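Just below is one structure, and these are the notes that go with it.
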Amino acid sequence: MRFALSEDQTLLQDSLSRTLADLSPLERVRRFADENQAAAPDIWAGLSELGLPGLLVPEEYGGLGLGLVEAALAAEALGRVVAPTPFLGSAVLAPLALMLAGTDEQKSRWLPKLASGEAIAGVAISEPIAGARENAGVAAANGRVTGTALFALDTAGADLLIVADRTGGLHLTQLAHSAEPMPSIDATRPLCQLTFSDTPAEPLASNQALERLRDAAWVMLAADTLGAAQSMLDKAVAYAKERKQFGRTIGSFQAVKHLCAEMAAELEPARALVWYAAYAFDKAPDEAPLMAAHAKAHLSEIGRFVARTSTEVHGGIGMTDLLGLHYWFKRIGQNRQLLGGPERVRETAARLQGLIA
Amino acid sequence: MRFALSEDQTLLQDSLSRTLADLSPLERVRRFADENQAAAPDIWAGLSELGLPGLLVPEEYGGLGLGLVEAALAAEALGRVVAPTPFLGSAVLAPLALMLAGTDEQKSRWLPKLASGEAIAGVAISEPIAGARENAGVAAANGRVTGTALFALDTAGADLLIVADRTGGLHLTQLAHSAEPMPSIDATRPLCQLTFSDTPAEPLASNQALERLRDAAWVMLAADTLGAAQSMLDKAVAYAKERKQFGRTIGSFQAVKHLCAEMAAELEPARALVWYAAYAFDKAPDEAPLMAAHAKAHLSEIGRFVARTSTEVHGGIGMTDLLGLHYWFKRIGQNRQLLGGPERVRETAARLQGLIA
Amino acid sequence: MDLTLTPELTAFRDEVRAFLAAHADQHEGGAPKDPKAWQKLLIDNGYAARTIPKAYGGYGAEPDILKSRIIAEAFIEANAPRGMAGQGISMLVPTLLEVGSEEQKTRWIGPTLRGEIIWCQGYSEPGAGSDLANLQTKAVEDGDDFLISGSKIWTSTAMQAQMIFCLVRTEPKAAKHEGISYILFPMSTPGIEVRPLKSMTGQAEFNEVFFTDVRVPKANVVGGRGRGWFVANTTLKHERGMLGDPNATEARLKSLIELMRRETVDGQRIIDNPIFRDRLMQLQARVLSMKFNGLRTMTDDTAGLARMVVKLQGCELNHQVAALAIDALGELGILYHDGPHLRAKGNWQRNYMFDLGLIIGGGTAQIQKNIISERGLGMPREPKVVEA
Amino acid sequence: MDLTLTPELTAFRDEVRAFLAAHADQHEGGAPKDPKAWQKLLIDNGYAARTIPKAYGGYGAEPDILKSRIIAEAFIEANAPRGMAGQGISMLVPTLLEVGSEEQKTRWIGPTLRGEIIWCQGYSEPGAGSDLANLQTKAVEDGDDFLISGSKIWTSTAMQAQMIFCLVRTEPKAAKHEGISYILFPMSTPGIEVRPLKSMTGQAEFNEVFFTDVRVPKANVVGGRGRGWFVANTTLKHERGMLGDPNATEARLKSLIELMRRETVDGQRIIDNPIFRDRLMQLQARVLSMKFNGLRTMTDDTAGLARMVVKLQGCELNHQVAALAIDALGELGILYHDGPHLRAKGNWQRNYMFDLGLIIGGGTAQIQKNIISERGLGMPREPKVVEA
């Protein structure tokens, strides 16, 4: 028994972090955001060389055949540098959907292409998970889907889409009637509104697939926040050690030290929660939904605290575009609400334990 | 227009504070608590000389004829020294019940005696306000009451009791079948369980009297917490200026200074809320219920914060009986839950604004 | 404690209301059709520049906090725009009135009040944030002039301003707080460069201003050479008070309640979610506290501490109101910039970020807590350290 | 990351379970029928004093964190009492093992483990709380003895203890941290007075101990004269870790959930109140975080910071769990001492207060934050001040 990263896992995270430092430095993120880019094929191509798109894809389909723990480490590394990638949709949710509910033919058709990074998959599952807004939602019948899906993930240049209908059924389609951008605070992860009108779609037959996707997504968003928040803490500590005011580094003022200590005290145990939630997804399926919910909700709360506190430690400069700190702030803010804010997710946590009458 | 204490109000508060310093010093409170005294007639007699029991009683019945603003100032002064008195029941709620819903005969019979301090009144209104526990509650019919009332206030040596039945109707009785103490954290305000069995009781006829009693009680509990919390802040500041650690007064450490600043920042605006809630009770009845609810709930929350924070500033010694700080801590804790915890009271606040469907 | 109005004040309120009714056609959607004409009308009637002497272009009334409040409430009631604001009117004018020379008052106050001159403020510097007195912008004597070099930051209206009021170090050998002067000069003076500073909201709410040998006559100093720290501090306090304005918070809470009544998830109204509703009630209690606290500070001599906590509590509260709005909106709460699903033009997100900036700006929360503990509670100042 | 047990560990767990099943008749309601016999049984089987050498009365096993965890879990599962605890076993014994002389080890460890000697701890002093090293209890040389005078506070078992391990200042001229010695003596020595210290819970959980010329042989010093600060610090760290034990918190959360399922107001179950339920879920996430954090600290070399935050977060969490219980109970939550309506013997209120004490004791939250920022994050130490 060991609750720590294995050597392989540490290596994975290190090599990913090194690669990301090259592929997705702040200037690259800034260009992506400033130019409202919808996708960064350069970054995804670089990560594809490491095998990231195929992380979860079984080896027989050309992937690495790893688990959600490794995916969480990857999400954390991506969050650390606020990298613009279709990781969540294309490398986690779509492969999982296919693996859980695809036919052999569907798997053979798509998994190898997703694993190599040759194909990109978008995912639209917001309505049955986070609740329907503006009467959105998709209806499915006879191999066709009709309706609107908001907050679709990673649809830019997508070769296939995984879409959940109002009843929680999943569908695979290659065509969306229209895709309208939904500009959000976090320019590193563009969102889309999809409209379907009698659009051909192959059903992915499984009762529980959507729940598994939800659990995986929640863990990934929690891990992304963990990485982004860890960065914000690191930046705050570094800034406080360097910045001088009143003839002292501000990091020598007890108020500033304690703000940093509080961030660390919140983040460090949260790391173990994210690890365990990912581990449970792989190895303890009975516990997985509750752990995923807690990870998502808890990281949302402490992520907000760290995002705010780190900005405060930076003083006025933290509010400007100069250090780019706001990319992390906004990434954490977006993770909080995506696929359900913490209040809603905690309601699910309570329901999973039979605490709601 | 002036939102400040008048000269008379300042005088009232000052003379009351001076008198209380003599009548109810820490040693007296300690004796009351340690000996599980049910009443402190010495303190009440001293306060009666100032006219405190008759604060709200009209002059024609021998009282001072003042309003809830003055009563709130008195409650604050009592909270400041955690004085053991039947003020809430005997000087506020019972006189109000009689004034709102009593016949001329009932008023003439009781108000003069209450105003002089000659008679004491207990009040049992918990069930219809805070919700019934343990199936408690009183039923009334044909001039008789039957059932159990928990958390009855100021019943020790009471000459009359004001009792609310399950439907919110008020009754005046001089007999309780039995009165069992309900030992609580705050030994300065003993609580009782009353059991009635076909006990004769005079109905106090008014539809809205209970709501007015509730509003007055909430403002009084808020004011009591305000006073107790202000004391705890004052004590923390004084201790921090005096206590030395690491060769400095602890009050020179930024962490300690900021804890004290946070207490002050929370308390000072809360004072204005309590004042306004009391003012609204007297002069703006449409606003009174909402303001009373907010005062009760908000002071409960910041009272808890101040009670905890002041104890922390005192370090280990704050946890002991030596300084008696815990009497304030517990008084604030008891005020929080009495007649409804903040969550329940906020629900009322929402309902009063039509925010609950 | 008496919140009813005297007959005199009631009459005054009726007068203000009548004025607003008569001129309701001169504004639309909360903005004047002709800003300068509106400003003149307000000054002429005593609803702007009310207590500023007539000689300097004001209305010349005695200060009366209650009348000011009545004016403010009547304008809100009528959704009528107030007089011009801006740092010239709110900060420079009071400073000139207090310590300016007769010539400076006559020359600058009138045009500033009439909106003919826009000012920007040059206080903060990149190297001196909370430690404002540590400023490095130097003014070197050259005959009757100073040559000013250095840089300023957080200069909000620098792009539009014709003039700047600026803190510069004129006496390099004096102690930290004593070598500073408060000086006025045109933004068109050679040697000034303005660079917009994009903030996290995506907008350039602030600028950096760089000075290279900017020539300014010594006569432009206000309040005496080396007195700049003390000159500036009077109005800084004023600014800090403004930053927690409870009226603005109350208006936002009202919008939040409307939002929660209107928005639905899966057809259920947000206001019917007990968790969000409970948070709303918690914030409402705080908003009311700050409102009554504001009322108290106007008329209560014992409200020193009450005044001191306004900036800290008010800015935090605004941030929390915006946070609840975002949370209540759920996924819609992360939308920004534009798009058909965006609510309130993205103002909740913008405020959430901008208000965090206000928690930091104008004296960080940490500085505010130092002030409250030291000046409000009499606790010891930060002790001097042996070695930096 | 692999939380499954190896076959060896699975076998070990079966063995522990079998032992517990076989001896279930020797305890009742979580307490042993014969404490000393139970303690001996546990030591003999390696379930108490597990890693302490046989020579000193222990079981003599190699340290194995996972086996320790398996033992702990199996005992919880069977509701079986663990071995004796107390400051002698948890603090003195490890100290002696590390720095005690052979004679001291042989003489004290065995009887302490067997429960024949109860110890109390004399570290804190009234004048030195967070600043522990500032202790004033002096030990004056007198031939082969010291004469000890001064006082100690927070001495929890002083009324029952036969012996005390105590920090005293033996070298008055040495620097603050270097003049202290760690010394052992009987509580029956003339010149010792114990006064119970009533706490806010109403119980005397602690004592003050006063020394007047208490004669103690120099040979009773442990770890060398003037080395007491360093000797004590090793086990203090250990104590701080214990104070945030996540297993205890998890058990309390479980009781809280039961409470909320059971209790009703106006016939509605508390658990059906969405506001309390949401708070419960927030705390559950924290409890799980601390649980997994604890798991991580056992087997992860990179968990230094994770270990450092346990005391701060764990004690706060316990306090918050108790706070929610009180709030959920509503008016019933303020009952205490006794009475028919009292829930859980008043333990929720008692814990609420006692846990606040733990937030303060064993290094206040402020001291913990200093440690985390300085040792964990490498931030500067508090600078020396010019003047006290």
Side-chain angles (χ1 to χ4, degrees), chain B residues 36 126-127 130-137 150-151 180-187 191 193 243-250 252-253 255-256 259 304 307-308 311-322 325-327 329-330 333-344 346-347, chain D residues 124 126-131 133-134 153-154 197-202 204-206 263-268 273 275-276 279 319 323 326-342 346 349 352-354 356-357 359-361 364-367 369-370 382 384-385 387-388:
Chain B
N36 282 315
S126 165
E127 282 73 21
R133 310 303 299 259
E134 315 268 38
N135 297 315
L150 302 181
F151 306 103
E180 287 294 324
M182 297 182 77
S184 73
I185 44 164
D186 176 15
L191 302 171
Q193 164 175 0
R243 168 82 169 170
K244 284 196 173 191
Q245 294 267 277
F246 304 103
R248 300 163 52 173
T249 56
I250 62 168
S252 74
F253 284 103
V256 174
L259 290 177
R304 171 176 278 183
R308 176 235 166 103
T311 307
E312 269 195 274
V313 169
H314 281 82
I317 213 74
M319 295 295 305
T320 68
D321 188 44
L322 292 175
L325 193 70
H326 63 98
Y327 291 115
F329 184 97
K330 291 166 178 169
Q334 183 139 317
N335 286 341
R336 179 182 171 97
Q337 305 298 351
L338 269 185
L339 296 176
E343 305 80 8
R344 185 177 176 95
R346 282 194 293 268
E347 208 181 319
Chain D
S124 291
S130 293
D131 188 7
N134 188 31
I153 195 168
W154 317 126
L197 195 58
K198 199 163 87 173
S199 97
M200 71 191 296
T201 65
E205 284 129 355
F206 299 99
E263 293 292 330
T264 60
V265 180
D266 282 338
Q268 194 206 19
N273 179 322
I275 296 161
F276 289 125
R279 256 174 82 189
H319 183 65
I326 291 170
D327 290 351
L329 279 167
E331 280 184 310
L332 287 176
I334 53 181
L335 299 184
Y336 200 48
H337 305 297
D338 55 31
H341 304 289
L342 184 64
Q349 274 290 351
Y352 180 67
M353 295 187 272
F354 191 76
L356 179 55
I359 289 173
I360 294 168
T364 64
Q366 284 64 48
I367 297 289
K369 290 178 193 174
N370 283 349
E382 195 67 18
K384 287 223 185 327
V385 302
E387 178 61 332

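From a predicted model like this one, the values you see are computed outputs, not experimental measurements. Order of the sequence lines sets the chain letters (A, B, ...), proteins ahead of strands, with each chain counted from 1.
- With a 4.5 Å cut-off on non-hydrogen atoms, B:Ile250 does not touch chain D at all.
- Residues D:His341 and B:Arg133 are not in side-chain contact: their nearest non-hydrogen atoms beyond the backbone lie 4.5 Å or more apart.
- The part of D:Ile359 that comes within reach of chain B is its side chain, from C-beta onward, which places non-hydrogen atoms under 4.5 angstrom from that chain.
- A search for side chain to side chain donor-acceptor pair (under 3.5 Å) contacts involving D:Gln366 returns nothing, not counting sequence neighbours.
- For B:Ala130, the parts lying under 4.5 angstrom from a heavy atom of chain D are both the backbone and the side chain.
- Highest contact tally toward chain D, considering only B:Gly315, B:Gly333, B:Ser252, B:Ser184, is held by B:Ser184 [criterion: heavy-atom pairs under 4.5 Å].
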For B:Lys244 and D:Asp131, run side chain to side chain contact (heavy atoms under 4.5 Å, CB included): C-alpha distance rounded to whole Å, both residues' side-chain angles, the deciding distance at 0.1 Å, then the answer. CA-CA 9 Å; B:Lys244 284 196 173 191; D:Asp131 188 7; over 6 Å; no
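- With chain B as the partner, the residue from D:Asp338, D:Asn370, D:Thr364, D:Thr201 showing the most heavy-atom pairs under 4.5 Å is D:Asp338.
- Annotation: side chain of B:Asp321 is not in contact with side chain of D:Met200 (no heavy-atom distance under 4.5 Å).
- With a threshold of 4.5 angstrom between heavy atoms, D:Leu197 approaches chain B through side-chain atoms but not through N, CA, C or O.
- Using a 4.5 Å cut-off between heavy atoms, B:Glu134 contacts chain D through its side chain alone, with no backbone atom that close.
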From CA spacing to verdict: side chain to side chain contact (heavy atoms under 4.5 Å, CB included), B:Lys330, D:Gln349: CA-CA 10 Å; B:Lys330 291 166 178 169; D:Gln349 274 290 351; over 6 Å; no
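- Residues B:Met319 and D:Leu356 meet the side-chain proximity criterion, which asks for heavy atoms closer than 4.5 Å.
- Among the candidates B:Leu150, B:Ile185, B:Thr320, B:Val256, the residue making the largest number of heavy-atom pairs closer than 4.5 Å to chain D is B:Ile185.
- For B:Phe253, the part lying under 4.5 angstrom from a heavy atom of chain D is the side chain only.
- Most heavy-atom pairs under 4.5 Å with chain D, from the set B:Gln334, B:Arg243, B:His326: that is B:Arg243.
- With respect to chain D, the highest number of heavy-atom pairs below 4.5 Å among B:Glu127, B:Arg336, B:Glu180 belongs to B:Arg336.
- Nearest heavy-atom pair across B:Phe151 and D:Leu335 is CE2-CD2, 3.9 Å.
- Heavy atoms of D:Glu382 lying under 4.5 Å from chain B belong exclusively to its side chain.
- The most heavy-atom pairs under 4.5 Å with chain D, out of B:Gly316, B:Gly341, B:Gly318, come from B:Gly316.
- Legend: residues meeting salt bridge (charged side-chain N to carboxylate O under 4.0 Å, His left out) with B:Arg304, ordered by chain and number and at least two apart, are D:Asp327.
- In this structure, the portion of D:Thr264 lying under 4.5 Å from any heavy atom of chain B is its backbone and not its side chain.
- Rounding to the nearest 0.5 angstrom, the gap separating the OG atom in D:Ser199 from the CG atom in B:Leu322 is 10.5 Å.
- Of the atoms belonging to D:Ile275, it is side-chain heavy atoms, and not backbone ones, that fall under 4.5 Å from chain B.
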Intermediate values then yes/no, side chain to side chain contact (heavy atoms under 4.5 Å, CB included), D:Ile334 and B:Leu338: CA-CA 8 Å; D:Ile334 53 181; B:Leu338 269 185; 4.0 Å; yes
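- Ranked by heavy-atom pairs shorter than 4.5 Å toward chain B, the options D:Asn273, D:Ile360, D:Ile153 are led by D:Ile360.
- Of the two parts of D:Leu342, neither the backbone nor the side chain holds a non-hydrogen atom closer than 4.5 Å to a non-hydrogen atom of chain B.
- Neither the backbone nor the side chain of D:Ala133 has a heavy atom closer than 4.5 Å to any heavy atom of chain B.
- Only the side chain of D:Tyr352 comes within contact range of chain B, with heavy atoms under 4.5 Å apart.
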Just do the side chain to side chain contact (heavy atoms under 4.5 Å, CB included) check on B:Leu191 and D:Glu331 with the steps written out, would you? CA-CA 11 Å; B:Leu191 302 171; D:Glu331 280 184 310; over 6 Å; no
